[in-house]
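What follows is a single structure, written as structure tokens, with notes after it.
Ligands are counted one by one from 1 in listed order, and the atoms in each one are counted from 1 as well.
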Amino acid sequence: MSLAARLARPEILALAPFDIAARANDAFGPDAIKLDANENPYPPLSEGALAAGLNRYPEPQPARLKQAMAALYGVAPDNLFVSRGADDAIDVLVRAFCRPGEDAVSICTPTFSAYAHFAGLQGARLIETKLDEDFDFAADAFLAAVADAPNLKLAFLCSPNNPTGNPIAAADVLEVADALPETLVVLDEAYLEFSETPSLAAEAVRRDNLVVLKTLSKAFGLAGARIGCAIANPELIAVAARALPPYPLPSLSIEAALAALAPARRAVHEERIARLKAARDRLAPVLERSPLVKAVRNGGGNFLFLEVDDPAALADRLRRLGIRARFRPNATPGGLRLTIGTDAENAAALRAFGVATDDAPARRAELVRDTKETRIAVAVDLDAAAPRRIATGIPFYDHMLDQVAAHGGFSLVLACDGDLDIDGHHSVEDCALAFGAALSRALGDRRGIGRFGFALPMDEAEAQVLIDLSGRPYSVFEGSFEASHIGAYPTEMTPHVFRSLADSLGAAIHVKVAGANDHHKTEACFKAFGRALRQALKREGDALPSTKGVL
Ligand SMILES: *Cc1c(COP(=O)(O)O)cnc(C)c1O
């Protein structure tokens, strides 16, 4: 008998799996006539895509989502169950393993309140141990504190810890798991993506008493969709999953999560996480200078933990300014947790703490563009030269867009998942449209920009590019190419790319190109375009560069 089966509540083991129509009829294909689940044959009366398929029950454990999350965390699908957020996974574990009044759950405080909440709900005994005075976890002290506790079924550890941010060293987690062979150690990695700590998901798969919790709420911006999972060995997962509700995840949430986890989104997610970490690391020393703050703990979440002299006065001040921060007077009396927001939100927070910086507002934008032909995610930052990561699926085009960003002097992250099995046309055009739209969004009201750009020759080929970021699309292309393709890139697309960019960026773009070699000519167009953009995007003040007063 596996450890999980020995530790499970007897009721859980005695329970037959919930009898749902899908399971009884799983031999049928997707085209079968579906008269088994008392669903309404008509979709709900809400608009378009929202309604599609909503009259049907979702898959209890959606195979595609399990696959995507397993790939994300580097485990196999049978190593996880998906739940309504990690919160639900906590509840499921407590209900699967803790007999009311008999079994115990340990927590290390101050920490995430859900562990104690769900333990209380189930009537499990709560063993509370304290983190040390620096809010660090000390394995020896913890093990000494729980040494004599009978029936300790679950030991919750949170790394990085909420609300203090402190990570727990992998060695300490494993020491606890080794020392407590009859306890399931549950490591909550809700914020791991924002920290430098390695995940223990692979260890959880290998061991019989380690569970890792994950969530899409924090790093993937899906808190409203409620998607999380527990990762462990397959026996443990199968036992715990018996305590799940029959259809834990709504179809809309499943679709939202699958869209967010699509490969074309990964680069922009990584860029976002890097940006939030950079903002956190920038804010920490500035907040330390605030007269209202005693100390700043920058652990490794998407938040900072601030220790302050007068939390009540500060709470009052923030309330008046309309800024919500997390005070927990009982759990962390002298402290508060401040989440990292957008640049504008962070700037407002710094002003509230009396340490405003006069950084110019960032000119950044993110954009996703999905059609049947392409799925694209793009992020630009006009005031940063890095990162540049471009993956259109067409290496030569990647190289060309990289030239635009490099010569334009801005950061570009762009990934496209397109129908290259047909040809490169859709991917090339749609990437240009998405890129131009992202540039336009980042420019905002176009205040303070150079507006005009000019650029000229490259080797034997010569390309002239003139730009006016006028807000009005217009494109002129003079020149032609001999070769049909450069690599997988169709040369006929170059005029098209500049037209798409002109349209979605709202710019007049005139390109003239001549020369002997198509590769050089194409590259000259993109490089010259980057150079012209560099001038036109440049911030030169605050004036609107138009006598009309609007662009
Ligand atoms: C936010 C949070 C969770 C819960 O995440 P959901 O997936 O949204 O339920 C779990 N653990 C910790 C430590 C958290 O801060």
Side-chain angles (χ1 to χ4, degrees), residues 61-62 65-66 68-69 72-73 80-95 105-119 121 128 131 135 137 154-168 173 184-195 197 199-201 204 210-232 240 243-245 248-250 252-254 256-257 260-261 269 273 276 280 297 299-305 324-328 331-332 335-341:
Q61 286 286 296
L65 184 58
K66 279 183 75 162
M69 291 179 79
L72 179 65
Y73 300 128
L80 60 85
F81 66 79
V82 290
S83 53
R84 272 194 293 247
D87 282 349
D88 195 27
I90 295 165
D91 184 31
V92 162
L93 289 167
V94 172
R95 282 190 292 114
V105 165
S106 73
I107 59 172
C108 306
T109 58
T111 192
F112 187 45
S113 53
Y115 316 133
H117 175 84
F118 289 118
L121 199 58
E128 182 176 338
L131 295 167
F135 301 124
F137 175 78
L154 301 174
F156 283 98
L157 301 178
C158 187
S159 175
N161 188 41
N162 177 4
T164 55
N166 299 33
I168 302 178
V173 177
L184 303 181
V185 175
V186 185
L187 177 65
D188 187 340
E189 294 187 351
Y191 298 99
L192 189 95
E193 290 88 342
F194 300 101
S195 81
T197 322
S199 171
L200 288 184
L210 181 61
V211 184
V212 164
L213 302 182
K214 295 285 194 181
T215 173
L216 300 185
S217 294
K218 311 290 166 41
F220 289 88
L222 279 164
R226 313 299 309 124
I227 310 246
C229 72
I231 297 173
L244 279 166
L249 299 189
L252 293 175
S253 293
I254 297 167
L261 296 182
H269 276 302
I273 290 167
L276 289 168
R280 177 196 68 200
R297 286 181 188 278
N302 61 340
F303 57 85
L304 294 168
F305 185 71
R324 291 166 64 156
R326 186 76 160 117
F327 292 87
R328 285 174 63 202
T332 51
L336 72 141
R337 195 189 65 200
L338 185 71
T339 305
I340 304 303

Please identify each residue that fulfils side-chain contact (heavy atoms from CB on, under 4.5 Å) with [X], with sequence neighbours left out.
X: Ala243; answer: Ile12, Val92, Arg95, Ala96
X: Phe303; answer: Tyr191, Arg337
X: Ala257; answer: Leu65, Leu216, Leu222, Ile227

Notebook entry, point to check: What do the steps show when you test Phe156 against Phe112 for ring pair (Phe, Tyr, Trp, His ring centres under 6.0 Å), and what is the final call?
Noted result: CA-CA 10 Å; Phe156 283 98; Phe112 187 45; 9.4 Å; no
Checklist line | Closest non-hydrogen atom pair between Ile107 and Ala116, with its separation | finding: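 Closest pair (atom of Ile107, atom of Ala116, distance): CD1-CB, 4.1 Å.
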Check: In Å, rounded to the nearest 0.5 Å, how long is the span from CD of Glu128 to OG1 of Thr109?
Finding: 3.5 Å
Checklist line | Residues in contact with ligand 1, criterion: heavy atom under 4.0 Å | finding: Gly85, Ala86, Asp87, Phe112, Tyr115, Cys158, Asn162, Asp188, Ala190, Tyr191, Thr215, Ser217, Lys218, Arg226
